[in-house]
Visitor: 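One structure coming up, written as structure tokens, with questions to follow.
Because the structure is a prediction, the values reported are computed rather than measured.
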Number of protein chains: 2
Amino acid sequence: MAQIATIKKVSRTLIATKGVSGLSLREVAREMGVVSSALYRYFATRDDLLTALIFDAYNDLGASVERADAKASSESAGERFRITARAVRRWARRHPHEYGLIYGTPVPNYVAPVSTIEAATRVPRVLSKILSDAQEAHPFPLNVDAARDVDQFLEVEALEEVLVDVPREMYVRALMAWNMIFGFLSFELYGHYVGSVKNANVMFEKVLDELAGLLGL
Amino acid sequence: MAQIATIKKVSRTLIATKGVSGLSLREVAREMGVVSSALYRYFATRDDLLTALIFDAYNDLGASVERADAKASSESAGERFRITARAVRRWARRHPHEYGLIYGTPVPNYVAPVSTIEAATRVPRVLSKILSDAQEAHPFPLNVDAARDVDQFLEVEALEEVLVDVPREMYVRALMAWNMIFGFLSFELYGHYVGSVKNANVMFEKVLDELAGLLGL
DNA sequence: GCAACTAAGAGAGCGGTGCTCTTGCAATTG
DNA sequence: CAATTGCAAGAGCACCGCTCTCTTAGTTGC
């Protein structure tokens, strides 16, 4: 196996057990039976390795969600929304540290490269497709006022690339739903539901119900 | 000044400039003109120092929000909700790294002590009071079904201590609103709105409008 | 078939980290 | 005055990211 792939694989298992702050190049090297300086031939810095892992995590999550939606193509829009949202959650719970890598506190001075941004839109794209399909099937009565000034605070040109065929009236709620899903997972994974939510599975379904209502699904 | 207070103060300025991962006991000691081992008399470990800072951050945020709500006591419930939510956001934007300390990726193996949990409920308590006041003033028509099985997935006994006089029918939406506010801030502060939201001030107001609608405010 | 080049790891070392343990000093107390 | 206590200093351990030079193994070109 190419060394780069091995390094990333070992790093992922290390992150899975000790968290991202517990990832050290020296330990990766030790695990590989190689001296630490050898790794610098493949990753100039620890942050470069993290960037590669972030990129992979976005794509892994994106692929999982795309797969889930593809399998649910015959379902109703509301069901597809729930299925894909559950796929996001399942991935997050299975890879909590990789989730933290992409949706937790960013490493200081980290600037996402363009390729990462691209990978990060895969989940929103899936949710967007469901919205536009639903809107096409039976249009949801929308408040036209909501579309008037969205270009004042949203990057409509960029959003149109992701929210294809989604009416502008829905942009705010669509962003909210996206945000709510990941906000929920952060709260769940980071322990903010301890003492208030005892069955996150059920609570998540309730949240999905509310979001579906908000989105007219 | 007591050494403990000095250590925390220096730590806070250090965190503000270099982030939480950039906080080192040795640098704190250097800044104080003292040798690093001296600090271990006051904090047995770096994590203990962080725990103290987390506790302070929760209380600082809680006090800010309580103050904002107290000043808005004559306003309508909807306005109070917006004012306190804005206070949360203002605090988060002014103390992004302390925000990360409490709502970002937790340090591995970290377990919040009871005192911290108590401090963490100050914001929810304020939001809850607004809800119960509004419900008292003019009751919001609630779906009684929503109250039926909440004890199946929520810690109703513990929640009743915080959500005082808030009808159970609203528990899910109340938790969602709380979660949405912090989810929004995490997205805003951690750069997930780059490329989609260009004016977070306005977007936040739109989100508050939606949440107010959801809560009947 | 041999020389030249290249890819990849070894090893030493720098300055940094959290943390421990022993030592020394100074103030306070009995 | 003697004893105790509080507090900081200093040395040192094992780890970290990262840099630099050196050696080895393999490949290429003639």
Visitor: Just to verify, what does B/Val35 make a side chain to side chain contact (heavy atoms under 4.5 Å, CB included) with, not counting sequence neighbours?
Guide: B/Ser37, B/Ala38

Visitor: Is A/Val34 touching bases, backbone alone, or none of the nucleic acid, heavy atoms closer than 4.0 Å?
Guide: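 If one applies the 4.0 Å heavy-atom cut-off, A/Val34 turns out to touch the sugar-phosphate alone, with no base involved.
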
Visitor: Run the side chain to side chain contact (heavy atoms under 4.5 Å, CB included) test against A/Ala29 and tell me which residues pass, sequence neighbours left out.
Guide: A/Val34, A/Ser36, A/Leu39

Visitor: Who passes side chain to side chain contact (heavy atoms under 4.5 Å, CB included) against B/Arg122, sequence neighbours left out?
Guide: B/Asn59, B/Ala63, B/Glu66

Visitor: With a 4.0 Å cutoff (strictly under), does any side-chain N or O of A/Gln3 reach OP1 or OP2 of C/dA7?
Guide: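 Checking C/dA7 against A/Gln3, no side-chain N or O comes under 4.0 Å of OP1 or OP2.
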
Visitor: Which is true for B/Phe43 with a 4.0 Å heavy-atom rule: it touches a base, it touches only sugar-phosphate, or it touches nothing?
Guide: nothing

Visitor: Listing request: all side-chain hydrogen bond (donor to acceptor under 3.5 Å, both in side chains) pairs with a residue in residues 21-32 of chain A, at least two apart in sequence or in separate chains.
Guide: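 Of all non-adjacent pairs touching residues 21-32 of chain A, those that pass side-chain hydrogen bond (donor to acceptor under 3.5 Å, both in side chains) are A/Lys18-A/Glu27.
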
Visitor: Please list, chain by chain and in numerical order, all residues satisfying side chain to side chain contact (heavy atoms under 4.5 Å, CB included) with B/Val20, sequence neighbours excluded.
Guide: B/Leu50, B/Leu101

Visitor: Strictly under 3.5 Å: I want the nitrogen or oxygen pairs between protein and nucleotides 17-20 of chain C, one per line.
Guide:
from   : atom 1 : to      : atom 2 : distance (Å)
C/dT17 : OP1    : B/Ser24 : OG     : 3.0
C/dT17 : OP1    : B/Arg30 : NH2    : 3.2
C/dT17 : OP2    : B/Arg30 : NH2    : 2.7
C/dG18 : OP1    : B/Leu25 : N      : 2.7
C/dG18 : OP2    : B/Leu25 : N      : 3.3
C/dG18 : OP2    : B/Arg26 : N      : 3.2
C/dG18 : N7     : B/Arg26 : NH1    : 2.4
C/dG18 : O6     : B/Arg26 : NH1    : 3.0
C/dC19 : OP1    : B/Thr45 : OG1    : 2.4
C/dC19 : OP2    : B/Tyr40 : OH     : 3.3
C/dC19 : OP2    : B/Thr45 : OG1    : 3.4
C/dC19 : OP2    : B/Arg46 : N      : 2.7

Visitor: Got a sec, which residues hit side chain to side chain donor-acceptor pair (under 3.5 Å) with B/Glu118, two or more places apart in sequence or on another chain?
Guide: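 In terms of side chain to side chain donor-acceptor pair (under 3.5 Å), with neighbours along the sequence ignored, B/Glu118 is linked to no residue.
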
Visitor: Can you list the residues that meet the side chain to side chain donor-acceptor pair (under 3.5 Å) rule with B/Asp209, with sequence neighbours excluded?
Guide: B/Arg82

Visitor: So, using side chain to side chain donor-acceptor pair (under 3.5 Å) as the criterion, who are the partners of A/Ser11 when residues are at least two apart?
Guide: none

Visitor: Check each residue of residues 14-21 of chain B for a non-hydrogen atom within less than 4.0 Å of any atom in DNA chain C, then write out the ones that pass by number, or none.
Guide: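 Nothing qualifies; none.
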
Visitor: Kindly say whether the aromatic ring centers of A/Phe184 and A/Tyr193 come within a distance under 6.0 Å.
Guide: yes

Visitor: Go through DNA chain D in 5' to 3' direction and return only the first and the last nucleotide with some atom under 4.0 Å of chain A's heavy atoms.
Guide: D/dC16 to D/dC20

Visitor: Can you name the side chain to side chain donor-acceptor pair (under 3.5 Å) partners of B/Arg67, sequence neighbours left out?
Guide: none

